[in-house]
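Everything below concerns the one structure shown next.
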Number of protein chains: 2
Amino acid sequence: MPKKRPQRSRPTLKDVARKVGVHVSTVSRALAAQTNNRLAPRLVEKIRRTALRSGYRPNPAARALRTRRSRTIGVVIPDIADPAFPPIIRGIEEGLARNDYVAIVASTDGNPRRQQRVLETMRARGVDGLIVASALRSDAMLSKLASGIPVTTVIRKADAAGFSSVLHDEDDGIRLAVTHLVSLGHRFIATIAGPQTLSTGHNRHAAFNRHAKLLGVSLTPPLAAFARAFYEAEGERCTEELLVTGRPFTAIVCANDRLAIGAIAALRRHSLRCPEDMSVTGFNDMPLADRLSPSLTTVRVEHFRAGVEAAEIVVDMIEREGSEEPRQLVLPVELVVRGSTRRAPRRNTDRNAELSSKFA
Amino acid sequence: MPKKRPQRSRPTLKDVARKVGVHVSTVSRALAAQTNNRLAPRLVEKIRRTALRSGYRPNPAARALRTRRSRTIGVVIPDIADPAFPPIIRGIEEGLARNDYVAIVASTDGNPRRQQRVLETMRARGVDGLIVASALRSDAMLSKLASGIPVTTVIRKADAAGFSSVLHDEDDGIRLAVTHLVSLGHRFIATIAGPQTLSTGHNRHAAFNRHAKLLGVSLTPPLAAFARAFYEAEGERCTEELLVTGRPFTAIVCANDRLAIGAIAALRRHSLRCPEDMSVTGFNDMPLADRLSPSLTTVRVEHFRAGVEAAEIVVDMIEREGSEEPRQLVLPVELVVRGSTRRAPRRNTDRNAELSSKFA
DNA sequence: GAAAATCGTGCAAACGATTGCGCAAAACCG
DNA sequence: CGGTTTTGCGCAATCGTTTGCACGATTTTC
C-alpha cells in the first residue's frame, strides 16, 4: 500500500537544486527564458534535464504571489448556452493555451447585477486581464470594475474608450444580406433589429438602414421591429409586430440567427412559408443553422478566430505592461446562402398582394 | 495625472492589522470562520468592519501557497460547442460559485492526446479537483493523471472505481422512449446506438435491447447501427445503413438528439417523412430540439442540475479531505413528446409494406 | 601587466497568507 | 489568596518563486 507518503507533493525548485548541487536561484534562472543566458550553457542544460527528469512543475501559487501575475484571464459571457458563444470560448481557450494562460469563465445572463458579481469575483481572484463578451454599449460598471487591468471586448463593443475590441464586420455582413435579397428581386424588406443597447444590435440596424438606402430599397417609414433580446421568442414577437402593420414585405433581415428562427416559426403560424412566401436572413451562422428547415441563409462570422484574437490581444497587453493603447480588430464576414431565401414571389401572398401593388 | 501610484495593489492583512492595531495573525483569525471563536467577539467585529471598509480581499495566490488549495476545479469537456455541454458547465459554475470555487474548463475534442495535455496543464495549475465529462468507459489515462485529487465524472462514467459520478437515468429514458413508440403502435423499431466506448452509448443501447425484449418488440437479429460519434453526420450514415438492410421498421430510437437530427435528414433524402413515415426519438432535449421541424420527441435530462451536483460532490470530497468514498448519483429523466413521433403508419411506405406484412 | 569590465553563481529578502507555539492576563478553584 | 486552568493575542516559521545585490573568478582593455 503506497499510503506511506501522505502528501507526496511535487518536487520544488529546492529539490532540483539539491539534486544538481546548485542554489535554487540558479535553477530558477536556468528555467526562465529571459535569464538563462546569464548562466553557463552547460549548467543550464544539466539543470533543465534534471528538472524534466524529476517532473518539476513550477508552483503557480508561489509564482503568482511573487510576480503578481496569475496567468489567468477572466472571460465574461452573457450566456454560455447561446450557440454563438461556445466557439468564441474555444477560441479564447486556444489563444490562451498558446501563451500558457488559462481562462475562468462566468455567465452573466445579461443581468447587470450578476455581471457585477462576476467581475468582482474575477478581480478577487486576481485575473491578469479580462475578455468581455457581455459588454453593453454604455457599460459604466464595466469601466469601473475593469480599471487597472487590460480588457478586451469580443463580438460586442463598449462605447467607452480604453478597451480593446475584436468585432465582426457587421456593416459588411448586413450589406451582403441586403444585396443578396435585392439581387433576388426583393424590394420590400423588413428588419428585425437586435437590442440597441448592444453594439451588435445597434450597428447591424444602422447598417441595414444605410444599405437599404444605398440600394434604393429603403421603405418610408422603415419597416423595423426591435427585439429586446437575441432570443427566438423575441423573433416571433417582432414578426407578429411586422405583420400587424399590414404593410407589404417579402423579406426579413434579422439581426441574428435566433431571431430568424423565431421569425420563421411565427411566419409558419401565419401560414406564410419560408422561403416561398418570405425570405429570411440571419446573422452568425450558428451551429445547426444548416440543419434547420429551411436551412438558414445567414452571415458567417469567425467566432473561433475572434476568440483567438481576443486572447492574443489581452495577453499582449499584459506582457507589454499596458504600455500600449487599446487595439481594435474587425474580422471579415461572409454570406452563406441557403434555403431561407429565394427569389421574391411575383404573385405575393394574399395579404401582401394588394398592398405591394400599390407600391409597385 | 494619477500615475503616482504605479502598483496600487489591494490592502493586505498587514494593512488591516496596522489600522486596527493588532497583529496580522489576529486579523487572519478574525476573518476565518473556524478560528474567530477564539478571539474576543468585540475585536472580531471591529476587525471585520475595518477589513470591509478598506476593501480587503484575501490574496488567492498567497492563500493557495500556504494552504495548498487553489479553490479551483478543472472541468474537462469533450466539446463545448456541443449543445449538451453548456448547460452542464453553467450548472458547475453555479455549484462552484456557491462554495467559492471557480472552474477552469478545457475541451478535448474527444482526442485522447488533447485530453492528456489538458489534464496535465490542470494538474500543473494545481486544481483541487476535477470534473470530467469526457470520460471513456475504460480510461486508463484518466485514472493515471487524476490520481491524488478528487474526481467526479458527469454524464459519462468510467468503469474504473474511484471516481464519483453523476449520471442520467439512461435506462429509464430509453424505456420511456420505447414504451412511447410501442404505445403508438410501432412494432418494428430500429436503433442508432452511440459509441460503445462511452457509457452513454453503451448503456442506452443495452437499455434499448432490454426494453425492446421486455415489451416484446425485439427484432431478430436486432436492427441496430452504431455511430462512431454523437454527430449528425453519423446519424445520417447510420440511417443509410439501416435502410440498406431492406428490413422493415417504422421508428428509430437514437442515442442522442444530434444523431436523431442526422437521421431525420437522411430519411428526408430518401423521401421518407418524419413523422408520417418514420418516427424518431432523441435523447437529451438539447436547446433548439423544440424548434426543429419536426420538433423532436426526446428524453429530457437535467443537464444544469447534473452540473450543480457534480460541483457539490467534488467540493465536498475536497473539504472532507478524501475521507469519503466515491459517490454515485443518478438523476431522473423525463419523456417529452413532440412532433417527430406519430402513430405507426397502417399502410407502410412501399418499401416497408411488403416486409412488415410478413411480420405482422 | 595592472585596472576595469564581464561573467557565473550564491545570498537573502520579499510576495501575503496560515498556524503551531508561547506567554501574559484573566478567570477559576478550593 | 495561591495555584491552576482558560482566554486572547502576538511571534515567527513556512509555503515555493523571483530577483536585486554581492562577490570571486575570468576575461578584456590600454
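We use all heavy atoms of the structure for the numbers below, so side chains are in, but hydrogens, waters and symmetry mates are not. Labels below follow one simple rule: chain letters A, B, ... track the order of the sequence lines, proteins then strands, and each chain is numbered from 1. All values derive from a computational prediction rather than experimental measurement.
- Remark: B:Glu94 CD to B:Arg98 CZ distance equals 4.5 Å, nearest 0.5 Å.
- Spacing between atom CG of B:Leu43 and atom C1' of D:dC9 amounts to 8 Å, rounded to whole angstrom units.
- Using a 4.0 Å cut-off between charged nitrogen and carboxylate oxygen, A:Arg90 and B:Asp79 count as a salt-bridge pair.
- When rounded to the nearest whole Å, the span between CG of B:Leu31 and P of C:dT18 equals 8 Å.
- If you take CD1 on A:Ile88 and NE2 on A:His303, they are separated by 4.5 Å, rounding to the nearest 0.5 Å.
- Fit an axis to the five pairs at each end of the helix from C:dG1-D:dC30 to C:dG30-D:dC1 and the two axes sit 30° apart, to the nearest 10 degrees.
- The CZ atom of B:Arg42 sits 15 Å away from the C1' atom of D:dC9 (whole-angstrom rounding).
- Between A:Leu39 atom CG and C:dT9 atom P there is a gap of 6 Å when expressed in whole angstrom units.
- Interatomic distance, B:Gln116 CD to B:Thr108 OG1, rounded to the nearest 0.5 Å: 12.5 Å.
- Remark: P of D:dG8 and NZ of B:Lys46 are 16 Å apart, rounded to the nearest angstrom.
- Atom CZ of B:Arg71 is separated from atom P of C:dA17 by 15 Å (rounded to the nearest Å).
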Protein-to-nucleotide contact annotation, 5' to 3' order, nucleotides 14-21 of chain D [B base; S sugar-phosphate only; - none; under 4.0 Å, heavy atom]: BBBBBBB-
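- Heavy-atom neighbours of A:Arg57 CZ from other residues, nucleotides or ligands within 6.0 Å: at or below the threshold of 12.
- A:Val44 pairs with exactly one of A:Thr35, A:Asn36, A:Asn37, A:Leu31 by the side-chain contact (heavy atoms from CB on, under 4.5 Å) rule, that one being A:Asn36.
- A side-chain donor from one of A:Asp139 and A:Gln115 sits under 3.5 Å from a side-chain acceptor of the other.
- From B:Ser164, atom OG reaches atom CG of B:Leu329 across 9.5 Å, with rounding to the nearest 0.5 Å.
- The interatomic distance linking A:Ile47 (CD1) with C:dG8 (C1') rounds to 11 Å, in whole Å.
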